[in-house]
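Residue numbers start from 1 in every chain, and the chains themselves are labelled A, B, ... in the order their sequence lines are given, proteins ahead of strands.
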4 protein chains.
Amino acid sequence: MRFSEADMKRLNDNTVYRTVGIEVTMAEGGEAMSRLRPNPELCWPFQGQPHGGVLATLMDTTMAWTVLTVVDPGYNCATINLDIQYTRPARGDLTCRSRVKHSGGRIVYTTADIHDADGRLVATGQGTFRVIREPAP
Amino acid sequence: MRFSEADMKRLNDNTVYRTVGIEVTMAEGGEAMSRLRPNPELCWPFQGQPHGGVLATLMDTTMAWTVLTVVDPGYNCATINLDIQYTRPARGDLTCRSRVKHSGGRIVYTTADIHDADGRLVATGQGTFRVIREPAP
Amino acid sequence: MRFSEADMKRLNDNTVYRTVGIEVTMAEGGEAMSRLRPNPELCWPFQGQPHGGVLATLMDTTMAWTVLTVVDPGYNCATINLDIQYTRPARGDLTCRSRVKHSGGRIVYTTADIHDADGRLVATGQGTFRVIREPAP
Amino acid sequence: MRFSEADMKRLNDNTVYRTVGIEVTMAEGGEAMSRLRPNPELCWPFQGQPHGGVLATLMDTTMAWTVLTVVDPGYNCATINLDIQYTRPARGDLTCRSRVKHSGGRIVYTTADIHDADGRLVATGQGTFRVIREPAP
């Protein structure tokens with residue numbers, strides 16, 4: 001699928017992204033990028049650091065977008081598995097970059113990295129998705 | 001560490017758990033249980049289903065509590081890696097059960113399952129934690 | 001599928017299992033067990049300890065058998081992903097127990113533990129398999 | 001650590017690599033490369049395809065070498081966890097490339113890809129290692 005600017009705007013406008021602080025900024029040709037402006041309410045137990053689950057949410061989301069760029073219209077995807085490595089304490093605004101490593105038709109393999117504003121890797125992961133026949137949101 | 005009822009109450013009273021809908025109900029002897037009452041704002045893109053990142057948050061949280069039960073006071077833990085398998089669509093209230101599989105001193109290995117109210121497995125995972133010298137919250 | 005004693009004998013008689021030292025001893029109803037008698041040639045770099053890849057082979061193998069017990073005849077399986085946690089140094093003969101945690105039709109989720117002769121957990125893992133239309137070996 | 005040509009030759013000369021068909025061809029500055037010439041005895045159950053455990057062995061091995069390039073002499077490493085995604089059937093000679101993504105002192109995070117002779121990705125993974133005080137082999 002291809003996402004127009006209007007699509008991006010509409011798809012970013014949902015309660016999950018607003019609550020967590022996610023904005024997907026690019027999704028095209030098997031790649032996607034997103035930004036996290038951490039919600040202070042989701043920074044616990046380490047002050048100023050988003051909960052590990054927030055990073056998982058950011059990663060899963062960004063990976064799913066890369067998958068959507070390689071499936072046909074009328075299809076969506078669901079996560080089979082997500083493996084995250086937490087490399088450093090995550091502070092401040094973060095960016096996530098993901099790309100499809102292989103699309104095997106009904107199963108798509110992705111990877112993603114999350115960096116902080118100073119370019120330090122704070123988390124890295126890989127995810128597998130199955131393609132399902134159901135309109136994307 | 002041992003958690004009194006008062007500890008449990010105090011530790012459950014934080015902005016992450018309130019926003020996500022988590023309550024840790026038991027943590028003792030290398031095991032922990034928790035409950036998720038999904039926040040509707042975090043149910044997207046599949047209606048009525050918490051985002052995969054919410055399940056990751058629930059799992060990571062519950063695993064961390066099992067780790068805290070096996071470390072000495074004055075120590076906390078940080079996730080090294082979290083591997084989640086998403087087995088079924090997750091609907092309604094959920095419960096998570098986790099236990100320590102091995103504590104190797106500075107590295108602790110855990111596993112967790114998330115079930116729905118009908119006892120169906122909706123996600124399963126394993127997590128590795130490092131023990132850090134820093135008071136738990 | 002159901003495996004007769006003759007099936008088990010025939011399936012165990014292959015060059016991979018002989019080289020690595022694997023014997024599958026039970027496979028039924030979503031569960032499987034196997035035994036590893038480590039090949040000394042595959043114990044390196046730590047003396048007397050099978051290489052981590054040998055444990056991965058044992059685990060992947062045993063998981064695949066659990067999958068075969070829940071698919072119809074004429075189907076086989078291929079690993080999508082395998083996540084292993086290495087908990088302790090592995091010495092001497094080992095046993096692996098695996099079970100299906102969820103079978104979602106074309107995707108099957110499994111878990112496995114490897115113990116040594118003293119009952120200590122030396123590795124634990126989870127694996128996802130896709131079911132393929134192709135006769136099992 | 002830095003590996004001389006003589007080190008590489010000596011370290012490649014072990015029974016695991018000979019049995020499996022592995023040769024590490026480069027290890028320097030947080031990166032490593034290796035080659036697999038599959039042992040036909042380890043190609044089962046899919047003819048001409050090395051067992052998934054062989055790919056795990058290749059990946060774990062190559063990752064460990066990248067770790068050794070970033071630790072001081074007198075230290076070795078042990079795998080904490082290994083997460084592999086199997087993307088395509090693996091046929092013929094294979095190459096594995098790995099690199100350190102983050103070295104956090106006692107814990108080192110790595111990633112690796114395995115390609116076939118036509119440059120197709122057949123497996124990808126991430127691994128975490130702990131650094132141990134013990135001479136490398």
Margin query: Report, in residue-number order, which members of residues 120-132 of chain D are under 4.5 Å from chain B by heavy-atom distance.
Written below: D/Thr128, D/Arg130
Output the residues of [range] for which the shortest heavy-atom distance to chain D is under 4.5 Å, in residue-number order; output 'none' if no such residue exists.
{"range": "residues 106-113 of chain B", "result": "B/Arg106, B/Ile107, B/Tyr109"}
{"range": "residues 49-57 of chain B", "result": "none"}
{"range": "residues 81-99 of chain B", "result": "B/Asn81, B/Asp83"}

Notebook entry, point to check: Within a radius of less than 6.0 Å around CZ of B/Phe46, do more than 12 heavy atoms belonging to other residues, nucleotides or ligands occur?
Noted result: yes
